[in-house]
Asks: 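Quick one: the structure is below, and I'll ask about it shortly.
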Amino acid sequence: MLDIKYIRDHAGAVRAGVRLKGEDESSVDEALALDEGRRGILQKVETLKSRRNTVSAEVARMKSKGEDASALIAEMRSVAEEIRGLDAALAPVEEKLRAALLLIPNMPHASVPAGNTPADNQVVATRGEEPSVDFKLKPHWELMEDLAIIDFARGTKITGAGFPVYVGRGAQLERALVNFFLDEARTRGYTEMSPPLMVNVASATGTGQLPDKEDQMYVVARDELFLVPTAEVPVTNYYRDEILAEKQLPVRFCASTPCFRREAGSYGRDVRGLNRVHQFNKVELVRLVHPDRSYGDLEEMRADAELLIQKLGLRYRVLLMCAGDLGFTQAKKYDLEVWSAGQSKWLEVSSISNFESYQARRMNIRFRPDGGGKPEIVHTLNGSALALPRMVAALLEHYQTPEGKVLVPAALHRYTGFEIIG
RNA sequence: GGAGAGGUGGCCGAGUGGUUGAAGGCGCUAGUCUCGAAAACUAGUAUAGGCGUAAGUCUAUCGAGGGUUCGAAUCCCUCCCUCUCCGCCA
């Protein structure tokens with residue numbers, strides 16, 4: 001969330017930012033009105049509490065001397081009543097203010113293009129080559145079925161649509177990719193983490209899945225827990241409500257986890273094969289950094305993710321997302337899309353975002369500057385490096401042979417232990 | 001799941017209704033001393049919010065929330081968490 005003091009002092013800029021995101025401006029005015037009401041009550045009640053504290057000390061002094069304090073105590077009886085009333089009035093105002101603040105989105109960074117359609121996203125780089133072959137490339141769902149390496153029908157039987165089963169060399173290939181991604185992340189300075197796969201309400205609120213994205217998560221209602229839609233949630237919450245030393249920054253974590261997504265509202269769109277599933281594995285990068293350096297870190301993380309695709313020899317492009325395509329909590333975002341040679345389309349395999357202080361303020365993650373001084377809010381970033389299913393799809397399609405087999409790219413040989421599938 | 005014990009500042013630990021934001025110790029920071037270091041000594045050392053240009057000042061916070069009281073770290077209630085034992089279990 002944004003700092004209420006910032007909203008107070010820059011109401012115009014905040015409204016403009018909310019508009020660019022295509023969100024409702026009314027929450028800004030509501031927050032400002034509640035803040036004003038809150039401060040009004042606060043000033044009254046704190047004056048009374050100050051009086052009460054002074055008189056309490058006086059009562060104590062008189063009693064210790066054996067003097068009669070009953071007149072003061074009688075006076076305080078009505079003051080106490082007044083305080084009770086004001087405190088009772090304050091609580092709902094503060095609760096509403098917090099709720100209103102949670103509904104104000106993060107501001108887009110100045111370098112983010114305006115717009116709210118895919119056409120407004122800027123292609124900032126395109127790298128790698130399409131396979132040059134003289135036969136018709138099959139889409140991955142035909143390959144995986146022919147090779148019996150990913151089984152959708154049985155996944156549907158076991159659980160439901162969108163829960164594929166990786167089998168044999170399919171499972172081995174996926175595991176090889178995960179290990180490759182994690183090893184690469186480690187050599188680039190990320191500490192590996194294996195986090196919980198369910199999170200509580202506070203964690204889901206901290207990264208922004210709650211309060212209004214609840215329908216995208218699987219809920220374990222009995223225990224008030226949520227299956228993680230991305231490792232971002234447990235990993236970023238690792239230092240929630242803590243104050244780090246400046247020298248601990250930047251914090252760099254990587255984690256491989258399953259991701260569970262209901263994908264409500266997207267039925268029928270790009271659901272063929274591995275294009276969109278309810279459970280998938282993903283290696284995620286997370287950084288907590290000094291506020292002055294987060295945009296440099298964003299570029300570094302983009303390079304971290306790009307390098308993986310380069311090493312696997314696939315064609316891809318980088319998109320700078322427009323304001324309207326930014327998530328609620330994001331200030332700036334790049335998407336990496338890999339070329340699906342069998343479908344002749346781009347598939348999003350990574351999303352790299354700077355949240356600035358937006359998530360960190362919700363999570364109350366701060367650092368103490370070197371040499372002391374007031375704690376400051378850190379900046380948080382995360383990026384996929386990478387999402388597995390669409391990478392598997394692109395690899396199968398890119399490296400297929402005329403005989404319907406699939407060659408394993410050289411970078412993975414030491415991880416798979418085999419060089420061909422089929 | 002059953003029984004018991006406990007949650008106080010960065011850490012340890014005192015404190016059972018009255019100047020206790022909280023003794024004492026450790027740690028940390030600065031200073032004195034020293035060629036330097038250690039030791040010793042002195043001082044400082046939480047977070048959030050309100051008002052204020054600022055200095056500052058006021059309020060809140062002793063796991064969380066509620067209650068009793070003129071006044072709560074201290075008394076009462078609910079919840080959460082940790083530890084020990086029993087049961088169950090990968």
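Below, chain A is the first sequence line, B the second, and so on; all start at residue 1.
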Asks: Please measure how far the C1' atom in B:A43 lies from the corresponding atom in B:U47, and state the result in whole Å.
Replies: 23 Å

Asks: Touch check for A:Lys63, heavy atoms < 4.0 angstrom, all strands: base, sugar-phosphate only, or nothing?
Replies: base

Asks: Look at A:Arg61 together with A:Glu58 and state whether they make a salt bridge at an N to O cut-off of under 4.0 Å.
Replies: yes

Asks: Take atom P in B:U20 and the same atom in B:A73, then report the distance between them in whole Å.
Replies: 12 Å

Asks: For B:G25 versus B:G6, give the span between their P atoms, rounded off to a whole number of Å.
Replies: 27 Å

Asks: Between B:C62 and B:U16, how far apart are the C1' atoms? Round to whole Å, please.
Replies: 14 Å

Asks: Could you tell me how far B:G65 sits from B:C58 if I compare only their C1' atoms? Round to whole Å.
Replies: 25 Å

Asks: Could you pick out which residue, A:Arg51 or A:Arg77, lies toward the 5' side of RNA chain B when each is mapped onto its nearest nucleotide?
Replies: A:Arg51

Asks: Any Lys/Arg nitrogen of A:Asp304 or A:Arg287 sitting under 4.0 Å from an Asp/Glu carboxylate oxygen of the other?
Replies: yes

Asks: Under 3.5 Å, which donor-acceptor pairs do the side chains of residues 221-231 of chain A form with other protein atoms, sequence neighbours left out?
Replies:
residue	atom	partner	partner atom	Å
A:Thr230	OG1	A:Glu232	N	3.0
A:Thr230	OG1	A:Lys282	NZ	2.8

Asks: When you compare B:U19 with B:G27, how far apart are their P atoms, in angstrom units rounded to a whole number?
Replies: 30 Å

Asks: Are A:Glu184 and A:Arg188 ion-paired here, with the side-chain N under 4.0 Å from a carboxylate O?
Replies: no

Asks: Taking the nucleotide of RNA chain B with the closest heavy atom to each, which residue, A:Lys374 or A:Leu72, is nearer the 5' end?
Replies: A:Lys374

Asks: Expressed in whole Å, how much space separates the P atoms belonging to B:C75 and B:G56?
Replies: 37 Å

Asks: Atom CZ of residue position A:Phe328 - does it have more than 12 heavy atoms of other residues, nucleotides or ligands inside 6.0 Å?
Replies: yes

Asks: Please determine if A:Asp35 and A:Arg39 form a salt bridge, counting it only when a charged side-chain N lies under 4.0 Å from a carboxylate O.
Replies: yes

Asks: Under 4.0 angstrom, heavy atoms only, what part of the nucleic acid is A:Lys44 near: base, sugar-phosphate, or nothing?
Replies: nothing

Asks: Using the C1' atom as the point on both nucleotides, what is the distance between B:A90 and B:C83, in whole Å?
Replies: 23 Å

Asks: Base, sugar-phosphate, or nothing for A:Arg361, non-hydrogen atoms under 4.0 angstrom?
Replies: nothing

Asks: Assign A:Leu42 to base, sugar-phosphate, or nothing according to its heavy-atom contacts below 4.0 angstrom with the strands shown.
Replies: sugar-phosphate

Asks: When you measure from the side chain of A:Arg361 to the backbone N and O of A:Met1, does any donor-acceptor pair fall under 3.5 Å?
Replies: yes

Asks: Both distances below 3.5 Å, Watson-Crick or wobble geometry, any strand: find the nucleotide opposite B:G65.
Replies: B:C77

Asks: Considering only heavy atoms of chain A and a distance under 4.0 Å, specify the first and last nucleotide of RNA chain B in 5' to 3' order that meet this criterion.
Replies: B:G18 to B:G71

Asks: Any base atoms under 4.0 Å from A:Arg368, or only sugar-phosphate, or nothing? Heavy atoms, all strands.
Replies: sugar-phosphate

